[in-house]
Number of protein chains: 2
Amino acid sequence: MSADPISRRDVSDATVARLPEYLRTLSRLAERGVSCVSSAELASAVGVRSAQLRKDLSRLGSYGVRGVGYEVETLAVEISRVLGLTRDWPVAVVGMGNLGHALASYPGFATKGFRVVALFDDDPGLVGEQVGGVVIRPFAELPARVRSDRIAIGVIATPAAAAQAVGEALAAAGVRSILNFAPASIAVPAAVDVRRVDLSTELQILAFHAQRRTYAAPLSGAVAR
Amino acid sequence: MSADPISRRDVSDATVARLPEYLRTLSRLAERGVSCVSSAELASAVGVRSAQLRKDLSRLGSYGVRGVGYEVETLAVEISRVLGLTRDWPVAVVGMGNLGHALASYPGFATKGFRVVALFDDDPGLVGEQVGGVVIRPFAELPARVRSDRIAIGVIATPAAAAQAVGEALAAAGVRSILNFAPASIAVPAAVDVRRVDLSTELQILAFHAQRRTYAAPLSGAVAR
DNA sequence: AGACGTTTGTGAAGCGATGCACAAAGTGGC
DNA sequence: GCCACTTTGTGCATCGCTTCACAAACGTCT
């Protein structure tokens, strides 16, 4: 009864998106031997306002001490608990091209409870190969592996054309969380949570700002086409 | 004077983030031979409300025809222009491990005016290797290459420990736009625009929602550890 | 040419997130 | 034990984005 898990329900998406950043900064502080930190210090290390940090953390409960600050270790554990990192998350990667290889051996995937336990591709030249100690298997084995390995998260790293079919197969197999790296949006049942990471989109946003800078700078120069 | 480039100034970040999605959907429609589309059709294809789509597009100017809709080709060209995709964007990738290799040969990088023209790594085992027709060079050559190739965008694909140094080197060399894939935030001068893509953060957000689902489902089951 | 149906562009309302400012709560010194 | 100082937690104002709703504009049909 001391820590009420139900109270996590009203944590907004904006707050959740910042929690991983807080957690990484706290880990860095812990490595440096810091055991206690104020909201002002932590906020400036992360790059947010201190008021926002305190408001975010207050959603998780009262883990700070007035006049002192937050205990680094305690706060890190609490954020981990809220994010669900204290349990095990078996992950499957579908599509073992360059990107799939990179994701399967990405250090960030191995930590925090995420375990890449299954790799899939239909290219006969790739099936059987080992990446990070896991064997690449044909895509048809997906449903069986999802059941046997209790796979909770699917990562799509296929070309755009295959993304929709893979997403449907993952959803049909019971995977409710999908991280989609393919340059295409996919339609899935409402019960499935999809997050898309598109490298091309990020570049285009950068290009927009870069272009705006070059237009803004030379006030006297001829701008027209 | 017909198309005023200054009017692009008041396009909000939220709108800019959606423009690439609109553009990709328009390209798909054009491939299918669709030449005209209403805001309702386009919006549902993208997955946003039609009012939002219209408001976004109205920021770029009046490119729709009342009673008819938007001409696919014209709208695509205009969005491309606003995003700055009609010019050439030389890109450098720093850190040619698994992720760097994947990014350098990513199809989405090659299209839309982005050209990977330089690859850097300090591992002697990688220097000299060709990826997509571009030779990997030692990191020390970065400043010279930025000048000679007019590199505008830098992609950081190094381990976390190297990210800060690479970011500083890019900024010092004159690169004003950085896409950071390393699992670490970097501090750069205010004139430099950094976007961070963190695979671990995305997974953690997925895990949060997945955990919330499992807590919400078994109302009668004992939750307390 | 005029009336009708359709779709855009946009003012206004609604809503959620951010930032401010301060009371509440704790520590340490005397 | 009381006082001064520090820092959290939070009500409240503000800001920006999203959504609604409708008038203006366009094509079409007669």
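Below, chain A is the first sequence line, B the second, and so on; all start at residue 1. Just so we're clear, the structure is a prediction, and the values are computed from it rather than from any experiment.
- If you measure from atom CZ of A/Arg59 to atom C1' of C/dG16, you get 10 Å, rounded to the nearest angstrom.
- Here C/dC15 presents its P atom at 18 Å from CG of A/Asp10, a figure rounded to the nearest Å.
- Comparing A/Gly67 and A/Ser62 along DNA chain D, the residue whose closest nucleotide (by nearest heavy atom) sits nearer the 5' end is A/Gly67.
- Side chain of A/Glu31 to backbone of A/Arg28: no donor-acceptor contact under 3.5 angstrom is found.
- Each of A/Val65 and A/Asp56 was matched to the nucleotide of DNA chain C holding its nearest heavy atom; the match closer to the 5' end belongs to A/Asp56.
- The distance between atom CD of B/Gln52 and atom P of D/dC17, rounded to the nearest whole Å, is 11 Å.
- In this entry the distance linking CD of B/Glu71 with P of D/dG27 reads 13 Å, nearest Å.
- Taking the ring-ring contact (aromatic ring centres under 6.0 Å, His included) definition, one finds that A/Tyr70 meets it with nothing, sequence neighbours left out.
- A 6.0 Å sphere centred on CZ of B/Arg87 holds more than 12 heavy atoms belonging to other residues, nucleotides or ligands.
- Under the 4.0 Å criterion applied to side-chain N and carboxylate O atoms, A/Arg196 and B/Glu21 are assigned as salt-bridge partners.
- Taking atom CG of residue A/Asp13 and atom P of nucleotide C/dG16, one finds them 12 Å apart after rounding to whole Å.
- Interface remark: the B/Lys55 side chain does not form any donor-acceptor pair with the D/dT18 base, using a distance-only criterion of under 3.5 Å.
- For the atom pair CD1 (A/Ile178) and CD1 (A/Ile153), the distance works out to 10.5 Å, reported to the nearest 0.5 Å.
- One atom, CG of B/Leu53, and another, P of C/dT8, lie 8 Å apart when rounded to the nearest Å.
- In terms of phosphate contacts, A/Tyr70 brings a side-chain nitrogen or oxygen within less than 4.0 Å of OP1 or OP2 of D/dG9.
- If you check C/dA21, C/dT18, D/dG27 against the side chain of A/Ala51, the one that comes closest is C/dA21.
- Against DNA chain C, the stretch residues 16-50 of chain B makes heavy-atom approaches under 4.0 Å through B/Ser38, B/Ser39.
- Looking at B/Arg115 and B/Asp88, a side-chain N of the basic residue comes within less than 4.0 Å of a carboxylate O on the acidic one, giving a salt bridge.
- In this structure, CZ of B/Arg54 is placed 14 Å from P of D/dC22, rounded to the nearest angstrom.
- B/Thr15 comes within 4.0 angstrom of no nucleic acid atom, judged by non-hydrogen atoms across all strands.
- Applying the side-chain hydrogen bond (donor to acceptor under 3.5 Å, both in side chains) criterion to B/Ser177, with sequence neighbours excluded, gives A/Arg213.
- Judged by atom type and distance alone, A/Arg66 reaches the base of D/dT8 through a side-chain donor-acceptor pair under 3.5 Å.
- Atom CD in A/Glu78 sits about 16 Å away from atom C1' in D/dG9, given to the nearest Å.
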